[in-house]
Undergrad: 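My questions all concern the structure below.
None of the values given here were measured: they were computed from a predicted structure.
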Amino acid sequence: MASAASISSSQPEAPKVHASDISSIKAFAESKGASLIPYTYHSITEHHDDDVADELAASIPVIDLSLLTSHDPQIHAKAVHQLGKACAEWSFFMLTNHGIPESLVEELMKKSREFHDLPMEEKKEFGNKGPFEPIRHGTSFCPEAENVHYWRDYLKAITFPEFNFPYKPPGYREVAYDYSKKIRGVTRKLLEGISESLGLESNSIIESTDFDSGHQLFVVNLYPPCPQPHLALGLPSHSDVGLLTLLTQNGIGGLQVKHNGKWVNVNPLPNCLIVLLSDQLEVVSNGKYARVMHRAILNNADTRISVVLANGPALDKEIGPLPELLQNYKPLFRSIKYRDYFQIQQKSRLQDKSSLDEIRLN
């Protein structure tokens with residue numbers, strides 16, 4: 001990926017289109033065959049932005065959920081150890097044998113594309129009215145708080161503790177309900193294994209965060225082909241709110257994670273889920289397991305769709321380091337209600353200095 005700094009100054013000037021005039025990147029990308037993107041979308045500005053370590057991709061950890069949930073004590077213990085190692089060293093992993101049917105994921109992707117293909121007039125009722133709006137559709141991340149904007153459209157819905165989802169296209173709501181319920185089940189099993197890997201009881205994280213009444217955010221991202229992918233990003237470097245984010249995509253690459261200061265392209269195994277450690281997991285583990293920084297890059301040929309479910313604590317639960325982990329260590333974070341943290345993250349501009357720094361002690 002070339003940096004913006006390497007682009008010749010003799011190129012035609014980018015169109016002077018303000019982001020507030022763009023209600024859909026998909027519609028903009030498909031209009032008039034534009035070959036240049038607005039300068040307000042030039043989000044790659046430094047040479048280090050394209051420092052990608054392809055040699056690390058083969059080392060991405062893979063966790064087999066069927067081994068983690070095995071009733072054989074030795075198999076389970078080994079899987080817990082591998083899970084803890086993945087969390088400590090990479091803060092993310094690929095999850096296989098998770099039990100979610102491939103046919104369900106395929107139908108989810110099909111319906112997700114159908115939603116984004118709906119005319120803008122039909123999606124206007126889901127306009128973004130704030131982070132706790134049950135269903136919202138929009139573009140970029142938070143345009144009013146951004147200096148630059150990002151090449152994506154999104155659908156966001158709060159799917160737990162109450163299920164909210166668009167009623168169109170037909171069948172989408174039912175598929176999303178089934179998928180979101182299964183994802184919560186998988187997340188719960190992972191949190192049990194992560195608790196054990198920290199030397200705690202399996203239900204420690206679940207009970208301390210009130211996970212069984214927790215907030216689940218269902219996000220469907222659409223990244224259209226970008227005529228200048230060397231200049232723009234689908235999403236910049238950021239971490240997610242919540243405990244664990246589970247991601248699947250439509251076979252088009254674009255996810256990168258940061259590992260040892262370098263970007264690593266994530267090329268998922270067939271029918272696997274990508275699991276990303278999020279902000280509140282770093283908090284409850286008192287920094288033993290860090291959240292992972294990640295971003296979405298673009299291409300100029302294919303539309304990428306990712307379905308991302310952020311699984312978090314209950315909104316009104318105070319979240320801080322687990323007391324069991326503070327016997328020999330000082331707390332690294334102050335406690336804060338998840339609802340308040342969520343609002344801080346949603347209102348802030350995405351950047352490497354994340355919202356986690358707002359609650360970090362010392």
Undergrad: Can you see which heavy atom on His215 is nearest to which on Phe342, and at what distance?
TA: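 Closest approach of His215 to Phe342, heavy atoms only: CE1-CE1, 3.7 Å.
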
Undergrad: Is the backbone N or O of Asn300 less than 3.5 Å from a side-chain atom of Asp302, with the two atoms forming a donor-acceptor pair by type?
TA: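 Side chain of Asp302 to backbone of Asn300, a donor-acceptor pair under 3.5 Å: no, none is there.
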
Undergrad: Counting only N and O atoms by type, is there a donor-acceptor contact under 3.5 Å from the side chain of Glu196 to the main-chain atoms of Val80?
TA: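 Not at all, since once roles are kept as given, no pair shorter than 3.5 Å links the two residues.
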
Undergrad: Can you confirm if the NZ or CZ of Arg184 lies within 45° of the ring axis of Phe160 and under 6.0 Å from the centre of its six-membered ring?
TA: yes

Undergrad: Go through the steps for Arg334 and Glu318 under the test salt bridge (Lys or Arg N to Asp or Glu O under 4.0 Å), then give the verdict.
TA: CA-CA 10 Å; Arg334 65 180 174 89; Glu318 284 231 352; over 6 Å; no

Undergrad: On the ring face of Phe126, is Lys123 found with NZ or CZ under 6.0 Å from the centre and within 45° of the axis?
TA: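 Negative - Lys123 is either too far from the ring of Phe126 or too far off its axis.
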
Undergrad: Does Phe115 belong to the same Ile/Leu/Val/Met/Phe/Trp/Tyr cluster as Tyr167, with side-chain heavy atoms less than 4.5 Å apart forming each link?
TA: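 Shared cluster, yes.
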
Undergrad: Checking side-chain contact (heavy atoms from CB on, under 4.5 Å) for the pair Met94/Ile274: CA distance, chi angles, key distance, verdict?
TA: CA-CA 5 Å; Met94 290 189 251; Ile274 302 299; 3.5 Å; yes

Undergrad: Side-chain contact test, heavy atoms from C-beta onward, threshold under 4.5 Å: evaluate it for Asp240 versus Arg291 and give yes or no.
TA: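 Counting from C-beta outward, Asp240 and Arg291 never come under 4.5 Å.
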
Undergrad: Drop me the distance from Leu246's CG to Lys182's NZ, to the nearest 0.5 angstrom.
TA: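 Separation between the atoms: 14.5 Å.
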
Undergrad: Measure the shortest side-chain to side-chain distance between Thr209 and Leu243 over non-hydrogen atoms and say whether it is less than 4.5 angstrom.
TA: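 Thr209 vs Leu243: side chains touch.
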
Undergrad: Output, in order, the C-alpha distance, side-chain angles, deciding distance and verdict of salt bridge (Lys or Arg N to Asp or Glu O under 4.0 Å) for Asp153 and Lys26.
TA: CA-CA 7 Å; Asp153 291 337; Lys26 179 178 182 294; over 6 Å; no

Undergrad: Which value, rounded to the nearest 0.5 Å, describes the distance between Gln216 atom CD and Ser180 atom OG?
TA: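 Separation between the atoms: 5.0 Å.
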
Undergrad: Given the rule in the side-chain hydrogen bond (donor to acceptor under 3.5 Å, both in side chains) test, do Tyr341 and Asp279 qualify, once you have shown the distances and angles that lead to the verdict?
TA: CA-CA 10 Å; Tyr341 184 88; Asp279 291 3; 2.4 Å; yes

Undergrad: With heavy-atom distances below 4.5 Å as the criterion, would you say the side chains of Leu198 and Glu324 are in contact?
TA: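 Leu198 vs Glu324: side chains apart.
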
Undergrad: Identify the heavy atoms of Trp90 and Val292 that sit nearest to each other, and give their distance.
TA: O-CG2, 3.9 Å

Undergrad: Any link between Val62 and Tyr289 through a network of hydrophobic side chains (Ile, Leu, Val, Met, Phe, Trp, Tyr) touching at under 4.5 Å?
TA: yes

Undergrad: Does Lys262, at its NZ atom, have more than 12 non-hydrogen atoms belonging to other residues, nucleotides or ligands within less than 6.0 Å?
TA: no

Undergrad: Under 6.0 Å between the ring centres of Phe165 and Tyr177?
TA: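 No - the distance between ring centres of Phe165 and Tyr177 does not fall below the 6.0 Å cut-off.
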
Undergrad: State yes or no: do Leu95 and Leu269 share one hydrophobic cluster built from I, L, V, M, F, W and Y residues joined by side-chain heavy-atom distances below 4.5 Å, directly or via other members?
TA: yes

Undergrad: Aromatic ring centroids of His294 and His238 under 6.0 Å?
TA: yes

Undergrad: Has Glu122 got more than 12 heavy atoms of other residues, nucleotides or ligands less than 6.0 Å from its CD?
TA: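 More than 12 heavy atoms, drawn from other residues, nucleotides or ligands, come within 6.0 Å of this atom.
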
Undergrad: Does CD belonging to Glu55 count more than 12 external heavy atoms closer than 6.0 Å?
TA: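 Result for CD/Glu55: enclosed.
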
Undergrad: Answer yes when Lys317 and Asp210 have at least one side-chain N-carboxylate O distance shorter than 4.0 Å, and no when they do not.
TA: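 No, this pair does not count.
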
Undergrad: In Å, rounded to the nearest 0.5 Å, how long is the span from CG of Leu190 to CG of Leu277?
TA: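 Interatomic distance, Leu190 CG to Leu277 CG, rounded to 0.5 Å: 9.5 Å.
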
Undergrad: Can you tell me how far apart CD1 (Ile135) and CG (Leu155) are? Round to the nearest 0.5 Å.
TA: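 Between Ile135 CD1 and Leu155 CG, I get 7.5 Å after rounding to 0.5 Å.
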
Undergrad: For a quick test of reading the model, state the closest non-hydrogen atom pair linking Cys87 to Phe93 and the distance between them.
TA: SG-CE2, 4.3 Å

Undergrad: Between Phe218 and Tyr179, is any pair of side-chain heavy atoms under 4.5 Å apart?
TA: yes

Undergrad: Assess whether atom CD of Gln74 is packed by more than 12 heavy atoms of other residues, nucleotides or ligands within 6.0 Å.
TA: no

Undergrad: With a 4.5 Å limit on heavy-atom distance, are the side chains of Ile37 and His42 in contact?
TA: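 Contact flag for Ile37/His42 side chains = yes.
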
Undergrad: Is the ring pair His137/His116 parallel, tilted or perpendicular, if the boundaries are 30 and 60 degrees?
TA: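 Geometry flag for His116 against His137: tilted rings.
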
Undergrad: List the steps and the verdict of side-chain contact (heavy atoms from CB on, under 4.5 Å) for Tyr154 and Val220.
TA: CA-CA 6 Å; Tyr154 65 79; Val220 182; over 6 Å; no

Undergrad: Which atom names give the shortest non-hydrogen contact between Cys272 and Pro268, and what distance separates them?
TA: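 That would be SG-CB, 3.7 Å.
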
Undergrad: Which heavy atom of Trp151 sits nearest to which heavy atom of Pro224, and what is that distance?
TA: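 The answer is NE1-O, 3.1 Å.
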
Undergrad: So if you build clusters from Ile, Leu, Val, Met, Phe, Trp, Tyr with side-chain heavy-atom gaps below 4.5 Å, do Val219 and Leu222 land together?
TA: yes

Undergrad: Which heavy atom of Gly242 sits nearest to which heavy atom of Ser278, and what is that distance?
TA: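 Of all heavy-atom pairs spanning Gly242 and Ser278, the closest is O-CB, 3.1 Å.
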
Undergrad: Which one of Asn97, Ile75, Thr96 satisfies the side chain to side chain contact (heavy atoms under 4.5 Å, CB included) criterion with Leu67?
TA: Ile75

Undergrad: Check whether Leu118 and Met120 end up in the same hydrophobic cluster, where Ile, Leu, Val, Met, Phe, Trp and Tyr are linked by side-chain heavy atoms less than 4.5 Å apart.
TA: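 Leu118 does not cluster with Met120.
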
Undergrad: Return the CZ to CD1 distance between Arg304 and Ile252, rounded to the nearest 0.5 Å.
TA: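 Answer for the CZ-CD1 pair, Arg304 versus Ile252, is 9.5 Å.
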
Undergrad: Can you confirm whether Ile60 sits close enough to Phe92 that some side-chain heavy atom of one is under 4.5 Å from a side-chain heavy atom of the other?
TA: yes

Undergrad: Under 4.0 Å between a side-chain nitrogen and a carboxylate oxygen: does that hold for Glu114 and Lys111?
TA: yes

Undergrad: Any side-chain to backbone donor/acceptor pair from Asn250 onto Thr303? Under 3.5 Å, distance only.
TA: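 Here the side-chain-to-backbone pair exists.
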
Undergrad: Using atom types as modelled and distance alone, determine if a side-chain donor or acceptor of Asn164 lies under 3.5 Å from a backbone N or O of Ile158.
TA: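 Between the backbone of Ile158 and the side chain of Asn164 there is a qualifying donor-acceptor contact (under 3.5 Å).
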
Undergrad: Run the side-chain contact (heavy atoms from CB on, under 4.5 Å) test on Tyr150 and Thr139 for me, step by step, so that the C-alpha distance in whole Å, both residues' side-chain angles and the decisive distance to 0.1 Å come before the verdict.
TA: CA-CA 8 Å; Tyr150 304 102; Thr139 190; over 6 Å; no

Undergrad: Would a distance-only check, ignoring hydrogens and angles, find a side-chain to backbone donor-acceptor pair under 3.5 Å from His98 to Asn271?
TA: yes

Undergrad: Below 4.0 angstrom, N of the basic side chain to O of the carboxylate: do Glu282 and Arg360 qualify?
TA: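 Salt bridge: yes.
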
Undergrad: Does Val275 reach the side chain of Thr245, with side-chain heavy atoms less than 4.5 Å apart?
TA: no

Undergrad: With a 3.5 Å distance limit and no angle check, can you tell me whether Ser195 reaches the backbone of Ile205 through a side-chain donor-acceptor pair?
TA: yes

Undergrad: Before you tell me yes or no, could you show the steps for Leu235 and Arg152 under side-chain contact (heavy atoms from CB on, under 4.5 Å), namely the whole-Å CA-CA distance, both residues' side-chain angles and the distance that decides it to 0.1 Å?
TA: CA-CA 7 Å; Leu235 278 176; Arg152 74 145 183 180; 3.7 Å; yes

Undergrad: As an exercise, state the distance from CD1 of Ile359 to CG of Leu332, rounded to the nearest 0.5 Å.
TA: 10.5 Å

Undergrad: Any side-chain heavy-atom pair from Met109 and Val307 closer than 4.5 angstrom?
TA: yes

Undergrad: Would Glu106 and Lys110 pass as an ion pair if we require N to O under 4.0 Å?
TA: no

Undergrad: Where do Ser112 and Tyr172 land on the side-chain hydrogen bond (donor to acceptor under 3.5 Å, both in side chains) test, with the steps shown first?
TA: CA-CA 7 Å; Ser112 295; Tyr172 194 17; 2.8 Å; yes

Undergrad: Between Ser66 and Asp64, is a side-chain hydrogen bond (donor to acceptor under 3.5 Å, both in side chains) present by the stated rule, with each step listed?
TA: CA-CA 5 Å; Ser66 69; Asp64 186 327; 2.5 Å; yes

